[in-house]
Structure formats: C-alpha cells, structure tokens
Amino acid sequence: MLLEVKNLRVHYDKVEAVKGISLSVAEGSTSTLIGANGAGKTSILKAISGLVKSSSGEIWFEGKRIDNLPAHKIVGSGIAHVPEGRRLFGLMTVKHNLRIGAYLQKDKQELEKSFQQVYRHFPRLEERQNQLAKTLSGGEQQMVAMGRALMAKPKIILMDEPSLGLDPKMVAAIAKIIESFKETGFSVVLVEQNASLALRLADKGYVLETGNIALEGESGELIDNEYVKKAYLGG
C-alpha cells in the first residue's frame with residue numbers, strides 16, 4: 001500500500017476535527033474524501049502533508065512513517081499538496097509559480113523535464129508562462145496550482161477542492177486532467193464538494209461526517225448507496 005493513515009486524530013486547541021480515522025491509498029489509484037464542510041477532509045490532507053500536527057495516530061508512506069517529519073521532508077518523499085484556494089503568488093509569473101514547486105530540484109536538465117511534463121498536461125500554461133498569475137482566470141489559476149504540484153515530481157498528489165468556483169466547462173477540463181494523472185501513474189487523494197464528480201473520478205471513496213468515516217467502499221458501490229444518494233448526490 002502506498003499511503004496508510006491509521007487512527008489519525010487532529011485537534012485545533014480543544015476542538016477535535018479528526019476523530020481516529022483510518023484510510024489507505026493503493027499505488028496508481030484515486031481515492032476521494034467527501035462530506036459536508038467541517039467534516040475534517042482538509043484537516044486530513046494537511047496532516048498527511050505535515051501542514052498541521054496530528055494529535056495521535058500514524059501516517060505511513062511507502063512503508064515509512066512520516067507523521068513526525070517536517071513538511072519539506074514530506075514533499076521530498078513524494079507527496080505534493082494542491083491546497084484549497086490555489087494559494088498562488090499573484091505578482092509572480094506562471095513560470096515562477098511553477099518553479100516554486102521544484103524548489104528541491106537542483107539538476108537543470110531534470111528541472112526542464114519537469115516544466116515540459118507540466119506543459120504537456122497544461123498546454124495553456126506554456127502559452128501564459130510569462131503572464132502574472134493574478135491575471136489568469138480561475139480555471140487557469142487552478143491549472144497553475146496543479147502544475148506546481150507536478151513540478152515536485154510526486155508519487156501521490158493531495159487535491160483540495162479543485163473544482164471550487166469554476167464554471168462547468170472548466171470543471172470538466174479539470175476532471176480530464178485528474179483522469180490523466182491516473183493514466184500516467186500518479187496516485188491521487190481528492191477532496192471535493194462535488195460528490196458526484198469525485199466518485200466518478202475515484203476508485204475508492206470515504207464519506208466523512210464530523211471527523212469520522214461514516215462509510216467507505218468502492219466508488220461504484222457508494223454511488224448506488226441510498227444514503228449517499230440522498231445526502232450527497234441530490235437524489
């Protein structure tokens with residue numbers, strides 16, 4: 001198993017946001033976390049990438065425990081995080097924003113290969129590489145955030161609400177890109193308010209409610225689950 005989370009708990013002061021959840025992600029697969037706002041989805045991603053400290057539990061990646069590592073070491077191990085809201089540097093160019101994702105990379109030839117890989121996934125970014133990030137559309141900014149993660153040469157990508165605020169046409173484009181990640185061998189953990197989209201893209205799903213996993217299973221099973229239909233799929 002590529003990624004294993006065991007009995008993870010996360011607190012913010014006295015508030016317990018994640019209450020002992022366990023999940024796993026196989027190599028080359030996509031898993032999704034769905035649930036209402038405040039269910040603990042973002043906190044799980046942040047704990048995996050070292051942006052928040054877990055209160056207890058264990059996180060294992062490629063057979064090594066990582067929950068005690070600093071965030072930059074976790075990135076170096078092969079985990080990249082696309083945060084909610086993109087978090088770009090608006091007054092820097094697209095290319096400079098992408099370059100930040102490869103800050104651990106020192107070899108110039110490998111760096112250029114990383115740029116070319118990103119541009120294959122996102123041809124529009126090559127066209128706009130010298131444009132300031134703040135001048136891009138919301139969808140283009142999301143592409144930069146995803147491309148920045150690719151620049152880290154990850155084995156798994158954590159994606160937090162990639163479709164947030166985008167029009168349906170751009171949501172469809174982002175979905176195709178996530179599918180292409182899987183085809184090229186990346187594993188993905190997807191947090192997404194659009195549960196129908198998330199389950200369509202994922203192999204496995206976890207339904208979170210108030211910091212607990214209420215349901216888990218293959219995506220096809222969850223799509224057909226009556227509770228999931230009523231609570232998250234509008235039917």
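Hydrogens, waters and symmetry mates are skipped; everything else that's a heavy atom, side chains included, is used. Residue numbers run from 1 in the order of the sequence given. Remember, it's a predicted structure, so these values are computed and weren't measured experimentally.
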| query | Honestly curious: do Leu2 and Ile59 fall in one hydrophobic cluster under the side-chain, below-4.5 Å linking rule? | reply |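 Same cluster.
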
Is there a side-chain contact between [X] and [Y] in this structure, where contact means two heavy atoms from C-beta onward sitting under 4.5 Å apart?
X	Y	result
Tyr119	Leu125	yes
Gln105	Ser114	yes
Ile157	Val82	yes
Val188	Ile156	no

Under a 3.5 Å cutoff, is there a donor and acceptor pairing between the side chains of [X] and [Y]?
X	Y	result
Asp160	Thr42	yes
Tyr232	Ser196	no
Arg86	Gln141	no

| request: Locate the shortest heavy-atom distance separating Leu208 from Gly40; write the atom from each residue and the value. | output: CD2-C, 4.1 Å

| Shortest non-hydrogen contact from Leu132 to Gly90? |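 Taking Leu132 first and Gly90 second, the nearest heavy atoms are CB-O, 3.7 Å.
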
| said: Evaluate Lys46 against His81 for side chain to side chain contact (heavy atoms under 4.5 Å, CB included), listing each step before the verdict. | reply: CA-CA 8 Å; Lys46 286 183 174 180; His81 191 155; 4.2 Å; yes

| salt bridge (Lys or Arg N to Asp or Glu O under 4.0 Å) against Lys113, all qualifying residues, sequence neighbours excluded |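 Salt bridge (Lys or Arg N to Asp or Glu O under 4.0 Å) check on Lys113 returns Glu110.
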
| query | Hey, mind stepping through Lys19 and Glu16 against salt bridge (Lys or Arg N to Asp or Glu O under 4.0 Å) and telling me if it holds? | reply | CA-CA 6 Å; Lys19 302 174 181 178; Glu16 189 174 35; 5.5 Å; no

| request: With Phe181 as reference, evaluate Thr30, Leu201, Leu150, Leu190 under the side-chain contact (heavy atoms from CB on, under 4.5 Å) test and give the passing residue. | output: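 Going through the options one by one, the only one that passes is Leu150.
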
| task | With Pro162 as reference, evaluate Ile177, Ile178, Asn194 under the side-chain contact (heavy atoms from CB on, under 4.5 Å) test and give the passing residue. | result | Ile178

| Is there a donor-acceptor contact under 3.5 Å from the side chain of Gln129 to the main chain of Glu126? |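 Yes, the answer is positive, given that a donor and an acceptor are paired below the 3.5 Å cut-off.
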
| task | Could you tell me whether the side chain of Lys204 and the main chain of Thr32 form a donor-acceptor pair under 3.5 Å? | result | no

| task | Carefully, step by step, assess Gln117 and Glu112 under the rule side chain to side chain contact (heavy atoms under 4.5 Å, CB included). | result | CA-CA 9 Å; Gln117 180 190 42; Glu112 184 56 32; over 6 Å; no

| message | Just verifying a value: how many Å separate Gln142 CD and Leu88 CG, rounded to the nearest 0.5 Å? | response | 8.5 Å

